[in-house]
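Below is one structure, written out as structure tokens; comments come after it.
Remember, it's 1-based here, ligands and their atoms both numbered in the order they're listed.
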Amino acid sequence: MIEIHKSAVDFARQKYDVLVPTMGALHAGHESLIKIGKSLGTKVLVSIFVNPLQFENKNDFANYPKSIEKDVALAESAGADGVFIPNKEEIYPGKVNEVSAGALGEIYEGKSRPNHFNGVLTVVKRLFEITSPRLAVFGEKDFQQLFLIRKMVKEHGLPIGISAAPTIRDEFGLALSSRNVFLDIDQRKSAQVLFRTLKKSSIDEMKQEIKNEPNFKLDYLEIIDEESLSKADKSTQYKRGIIAGWINEVRLIDNMRVSFTS
Ligand code: PAF
């Protein structure tokens, strides 16, 4: 039986060696994070906490999908040993010591979502403090988030390994995301444009692909250096295409390794 924890005090003894932080509304992408965690460690804890600090928009926070019972069942069937479902006071008792994501937290995703990455790093650091895992698993779908978490771990000297899990896609290439539940059938079809765009072999082809999908409002499309997040140039070894935008009000992001810069 999976153990359900609601209090930070439960982690006074180091009980779990792997942490999979989530905001709930679990889907097959999370399932894969849990399975990867289980393959790398012994006892996997899944945290479920919709972190108010990382939402710049109050409605977005209030409307974030919630499905706790289903989440616990999915975590258990994926092999998790425990779930941690804290309330806000458990995570942020007293004054919040905000972690700054710095300048790299203000570009791309951070430009459209001010303070988002400060909120993400702040909650991830708190979860690490409370649960003291040896390893934590994050999805590659949130590439900038993964980069900034790794940077924080390094800069703060945290004794925690970070594992990256490949993006899980549906049969049409749409990256799984908790926000996909807000898309109707036609919008889901339009959302396939992100994957189609990332598979192109030049930036011009990418831009054309986006133009062909009028329901998608582009926020940014960049080819970046995976190792620094700066814009890629000819000398960049590992390049990644990153894309974000909206279908109606639903924000979608995706990324993929690419082999060109322009
Ligand atoms: O990727 C997410 O679901 C969240 O940003 C995270 C890492 C759980 C922090 O709230």
Side-chain angles (χ1 to χ4, degrees), residues 5 8 16 18-34 36-37 44-57 60-68 70-72 74-75 78 80 82-88 90-92 96-101 104-105 108-110 112-131 133 135-153 156 158 160-168 175-182 242 244 250-255:
H5 305 275
Y16 297 93
V18 179
L19 175 69
V20 178
T22 81
M23 296 205 298
L26 302 188
H27 50 66
H30 298 106
E31 195 177 345
S32 108
L33 302 187
I34 297 168
I36 289 173
V44 175
L45 177 70
V46 176
S47 63
I48 299 175
F49 178 65
V50 186
N51 172 34
L53 292 194
Q54 70 188 76
F55 288 82
E56 65 293 345
N57 178 322
D60 197 19
F61 172 63
N63 295 330
Y64 198 80
K66 290 169 198 72
S67 53
I68 280 291
K70 252 176 78 192
D71 291 350
V72 174
L74 185 144
V83 284
F84 177 34
I85 315 174
N87 60 23
K88 194 173 163 216
E90 290 290 333
I91 297 289
Y92 301 122
V96 178
N97 281 325
E98 199 177 80
V99 180
S100 168
L104 293 181
Y108 315 132
E109 210 46 26
S112 294
R113 306 187 62 188
N115 279 322
H116 169 69
F117 288 116
N118 299 341
V120 169
L121 296 190
T122 303
V123 77
V124 168
K125 182 139 184 284
R126 278 297 293 140
L127 289 165
F128 285 174
E129 280 166 7
I130 294 169
T131 65
L135 192 88
V137 190
F138 295 88
E140 244 180 23
K141 179 177 162 274
D142 296 292
F143 190 79
Q144 191 176 2
Q145 166 174 287
L146 175 65
F147 180 96
L148 292 169
I149 289 170
R150 283 193 158 132
K151 185 166 176 281
M152 172 185 77
V153 164
H156 290 245
L158 307 178
I160 298 168
I162 303 297
S163 271
T167 301
I168 303 293
L176 297 196
S177 159
S178 303
R179 293 177 196 272
N180 292 354
V181 297
F182 297 127
I242 56 169
V250 185
R251 187 169 179 83
L252 298 169
I253 64 171
D254 202 349
N255 68 82

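- The two residues Ala80 and Val46 make their nearest non-hydrogen contact at CB-CG2, 3.7 Å.
- For the pair Ile130/Phe84, a side-chain contact is recorded, criterion being any heavy-atom separation below 4.5 Å from C-beta on.
- With ligand atoms numbered from 1 in the order given, ligand 1 contributes 9 (C), 10 (O) to contacts under 4.0 Å with heavy atoms of Val123.
- Heavy atoms only, all atoms of each residue included: Ile160 and Val153 are closest at O-CG1, 3.4 Å.
- For atom 9 (C) of ligand 1, the closest non-hydrogen atom of the protein is Gln54 OE1, 3.3 Å.
- The protein heavy-atom contact nearest to atom 2 (C) of ligand 1 is Gln145 NE2, 3.9 Å.
- When the ring pair (Phe, Tyr, Trp, His ring centres under 6.0 Å) test is applied to His116, no partner is found at least two apart in sequence or on another chain.
- Of all atoms in ligand 1, listed by their number and element, those nearer than 4.0 Å to a heavy atom of Pro21 are 8 (C).
- Residue contacts with ligand 1, taken as heavy atom pairs separated by less than 4.0 Å, do not involve Ile149 at all.
- Of the possible polar contacts, none joining the Ser163 side chain to the Val137 backbone as a donor-acceptor pair under 3.5 Å is found.
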